[in-house]
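Read the numbers this way: they start at 1 and go in the same order the structure lists the ligands and their atoms.
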Amino acid sequence: MSRIQLHQGDITKLNVDAIVNAANSSLLGGGGVDGAIHRAAGPQLALECLKLAGCKTGQAKITAGYKLPARHVIHTVGPYWSGGNRHEDELLASCYQHSLELAEKHGLKTIAFPAISTGIYRFPLERATQIAIATVKTFLEEHSIPEQVTFVCFSAHDFQVYQRLLQEAGNLP
Ligand code: AR6
């Protein structure tokens, strides 16, 4: 089985070692997937996040998963899309890279990513998906942990875009 998987649905339902949260720099919760993760994990998650004192764009921090089926949450802060001249591509790649590095450091074998920055932060979906796939692919070629990475798409449209681009990259039949 490929080490890269694609799934459509709610990331808060996944029973993996870590789900990634598309957070904001306060790490104190928000809308979108961030809100869903905090609601499903329960209030203890925000209490642990409070102790982390925020997170810079492109960086990542780890907490427990509390009431989630996932054992951990890796919180990363994607860039807000401002037209492409503010290092958005590099910052988005850095989110995936630092999340994967944290997973490896903690020996987490299975990790699931939402489509970071492509919702409220308005990063163009195809461009973001290419960056996500390329960064994950390169990391997996060079590291044995995590063993498996799942891209989670909330909408059918996002799923179709990921499916096409993963096929083009040779990662799906
Ligand atoms: N499971 C999987 N994916 C989801 C879920 C879910 N339960 N809910 C939404 N998505 P967004 P961003 C998808 O807006 O663009 C927050 O307020 C969604 O359809 O959650 O990085 C933070 O606090 C989209 O494809 O994150 C920040 O302020 C993807 O997740 C800001 O939003 C990302 O959309 C971050 O914006």
Side-chain angles (χ1 to χ4, degrees), residues 4-43 45-50 52-63 65-84 86-100 102-103 110-133 135-136 148-166:
I4 298 181
Q5 300 288 314
L6 180 59
H7 175 82
Q8 189 192 337
D10 180 354
I11 202 168
T12 68
K13 308 285 187 216
L14 293 194
N15 184 3
V16 286
D17 291 334
I19 59 171
V20 175
N21 182 16
N24 61 62
S25 56
S26 77
L27 296 186
L28 298 180
V33 71
D34 193 9
I37 288 172
H38 275 272
R39 275 193 301 280
L45 178 60
L47 289 177
E48 185 175 355
C49 285
L50 196 56
L52 299 176
C55 182
K56 290 191 178 135
T57 303
Q59 300 294 311
K61 293 190 177 179
I62 189 167
T63 65
Y66 299 100
K67 291 183 182 168
L68 290 164
R71 289 200 288 125
H72 300 273
V73 180
I74 293 174
H75 307 262
T76 189
V77 183
Y80 181 82
W81 179 260
S82 334
R86 297 204 173 168
H87 307 289
E88 291 97 326
D89 291 346
E90 293 86 347
L91 289 166
L92 185 63
S94 171
C95 288
Y96 285 92
Q97 180 73 23
H98 283 109
S99 298
L100 292 163
L102 261 185
T110 53
I111 178 171
F113 283 97
I116 300 165
S117 282
T118 68
I120 293 163
Y121 281 178
R122 307 183 67 83
F123 203 115
L125 180 67
E126 288 217 15
R127 186 164 172 152
T129 307
Q130 301 277 19
I131 291 167
I133 292 171
T135 310
V136 165
Q148 196 154 76
V149 175
T150 304
F151 289 118
V152 182
C153 297
F154 206 41
S155 73
H157 171 260
D158 290 2
F159 182 87
Q160 281 164 13
V161 169
Y162 266 80
Q163 191 173 42
R164 175 166 52 80
L165 295 179
L166 278 167

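Ligand 1 places these atoms under 4.0 Å from at least one heavy atom of D10: 1 (N), 6 (C), 7 (N). Residue-ligand proximity, G9 to ligand 1, at heavy-atom distances under 4.0 Å covers atoms 1 (N), 2 (C). The atoms of ligand 1 that sit less than 4.0 Å from any heavy atom of T118 are 15 (O), 24 (C), 25 (O). Atoms of ligand 1 found under 4.0 Å from any heavy atom of D34 (numbered from 1 in listed order, with element): 22 (C), 23 (O). Atoms of ligand 1 lying under 4.0 Å from any heavy atom of A36, numbered from 1 in the order shown and given with element: 7 (N). Ligand 1 places these atoms under 4.0 Å from at least one heavy atom of G31: 16 (C), 17 (O). The ligand atoms of ligand 1 that sit less than 4.0 angstrom from a heavy atom of A115 are 25 (O), 29 (C), 33 (C).
Applying side-chain hydrogen bond (donor to acceptor under 3.5 Å, both in side chains) to S94 and the options Q97, H98, E90 leaves one that passes, H98.
Of the possible donor and acceptor atoms, one in the side chain of T76 sits under 3.5 Å from a partner among the backbone N and O of Q59.
In terms of N/O distances under 3.5 Å, ligand 1 is not approached by T12. Polar contact with ligand 1: absent for G32 (N/O pair, distance under 3.5 Å). Considering backbone and side-chain N/O atoms, R122 never comes within less than 3.5 Å of an N/O atom of ligand 1. Between I11 and ligand 1, at least one N/O pair is under 3.5 Å apart.
Inter-residue side-chain proximity for P79 and F123 is flagged as met; some heavy-atom pair is nearer than 4.5 Å. Two residues are said to be in side-chain contact when any heavy atoms from C-beta on lie closer than 4.5 Å; E88 and S117 fail this criterion. At least one side-chain heavy atom of V149 sits under 4.5 Å from a side-chain heavy atom of L100.
Of the protein's heavy atoms, S117 N, 2.8 Å lies nearest to atom 21 (O) of ligand 1. Y121 OH, 3.5 Å is the protein heavy atom nearest to atom 27 (C) of ligand 1. For atom 15 (O) of ligand 1, the closest heavy atom belonging to the protein is G119 N, 2.8 Å. The protein atom (non-hydrogen) at minimum distance from atom 14 (O) of ligand 1 is I120 N, 2.8 Å. Distance from atom 18 (C) of ligand 1 to its nearest protein heavy atom, with residue and atom name: F154 CB, 4.4 Å. Residue, atom and distance of the protein heavy atom nearest to atom 30 (O) of ligand 1 are V33 CB, 3.9 Å.
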Given the rule in the side-chain contact (heavy atoms from CB on, under 4.5 Å) test, do V20 and I111 qualify, once you have shown the distances and angles that lead to the verdict?
-> CA-CA 7 Å; V20 175; I111 178 171; 3.8 Å; yes

Verdict with supporting geometry, L125 and H157, side-chain contact (heavy atoms from CB on, under 4.5 Å) = CA-CA 10 Å; L125 180 67; H157 171 260; 3.9 Å; yes

Show the numbers, then the answer: is there a side-chain contact (heavy atoms from CB on, under 4.5 Å) between C55 and H75?
-> CA-CA 8 Å; C55 182; H75 307 262; 6.0 Å; no

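No more than 12 heavy atoms of other residues, nucleotides or ligands lie within 6.0 Å of CZ in R122, so this atom counts as exposed by the packing criterion.
The closest approach between G78 and ligand 1 stays at or above 4.0 Å for every heavy atom of the residue. Residue S26 places every heavy atom at 4.0 Å or more from ligand 1.
When non-hydrogen atoms are compared, ligand 1 lies under 4.0 Å from the side chain of D158 (C-beta onward) but not from its backbone. Heavy atoms of A22 found under 4.0 angstrom from ligand 1 belong to the backbone as well as the side chain.
With sequence neighbours left out, the salt bridge (charged side-chain N to carboxylate O under 4.0 Å, His left out) criterion links D17 to R71.
Summarising the geometry of V16 relative to A112, their closest heavy-atom pair is CG2-CB, 4.2 Å, with the distance given to 0.1 Å.
Within the structure, salt bridge (charged side-chain N to carboxylate O under 4.0 Å, His left out) pairs that include any residue of residues 18-42 do not occur (at least two apart or interchain).
Ring geometry for F113 against Y96 counts as tilted: the plane angle lies between 30° and 60°, on a 0 to 90° scale.
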